[in-house]
Amino acid sequence: KTNIERCNRIGVMPSALTSFKGGNLISAEQRQKNLTVYLLARDILKRLYVKGAVSLEILERLNRKNAEQMGCMVSPIA
């Protein structure tokens, strides 16, 4: 039997397909979507930094909070 069949038999999802975010189980597809949204938002914050529209301190705080909400690792803006 495959690992997926074994996991289905005992009622758990294989770790390659799922992960935990804040105690909630999310699928690999949702994790990828969250990462894409986070990276797009980070790019917008970086553009604001390059234009000088907002201070780096505020943008880093927004970036960190966004990463937490999306369940991603923080990637620095500057």
Side-chain angles (χ1 to χ4, degrees):
K1 291 187 175 187
T2 67
N3 284 339
I4 293 176
E5 290 171 336
R6 287 184 192 114
C7 290
N8 285 337
R9 187 173 53 93
I10 60 173
V12 296
M13 292 294 294
S15 61
L17 300 177
T18 59
S19 67
F20 285 95
K21 175 186 171 230
N24 296 324
L25 196 61
I26 61 171
S27 68
E29 292 84 10
Q30 185 64 43
R31 187 174 59 228
Q32 184 64 41
K33 180 180 174 188
N34 288 351
L35 179 61
T36 302
V37 169
Y38 166 71
L39 292 174
L40 288 171
R42 188 182 135 288
D43 185 55
I44 292 169
L45 294 176
K46 190 169 188 168
R47 288 179 191 190
L48 290 172
Y49 171 68
V50 169
K51 288 182 182 178
V54 184
S55 73
L56 181 60
E57 181 182 347
I58 292 171
L59 294 174
E60 288 290 356
R61 191 176 331 137
L62 287 170
N63 185 43
R64 186 176 61 250
K65 286 295 195 178
N66 190 30
E68 289 173 8
Q69 289 296 315
M70 293 287 122
C72 301
M73 297 289 293
V74 178
S75 177
I77 291 175

Decide side chain to side chain contact (heavy atoms under 4.5 Å, CB included) for Asn66 and Leu62; before the verdict, give the C-alpha distance in whole Å, the side-chain angles of both, and the deciding distance to 0.1 Å. CA-CA 6 Å; Asn66 190 30; Leu62 287 170; over 6 Å; no
Working for salt bridge (Lys or Arg N to Asp or Glu O under 4.0 Å), residues Lys33 and Glu29: CA-CA 6 Å; Lys33 180 180 174 188; Glu29 292 84 10; over 6 Å; no
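Here Gln32 contributes atom CD and Leu35 contributes atom CG; the two are 5.5 Å apart, rounded to the nearest 0.5 Å. Lys65 NZ to Glu68 CD: the interatomic distance, rounded to the nearest 0.5 Å, is 5.0 Å.
Residues passing the side-chain contact (heavy atoms from CB on, under 4.5 Å) test with Ala78, sequence neighbours excluded: Tyr49, Leu56. Applying the side-chain hydrogen bond (donor to acceptor under 3.5 Å, both in side chains) criterion to Glu60, with sequence neighbours excluded, gives no partner residue.
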Could you list the donor-acceptor pairs under 3.5 angstrom formed between side-chain atoms of residues 37-47 and any protein atom two or more places apart in sequence or on another chain?
unit_1	atom_1	unit_2	atom_2	d
Tyr38	OH	Asn63	OD1	2.9
Tyr38	OH	Asn63	ND2	3.4
Tyr38	OH	Ser75	N	2.9
Tyr38	OH	Ser75	O	3.4
Arg42	NE	Ser75	O	3.3
Arg42	NE	Ser75	OG	3.2
Asp43	OD2	Arg47	NE	3.2
Asp43	OD2	Arg47	NH2	3.1

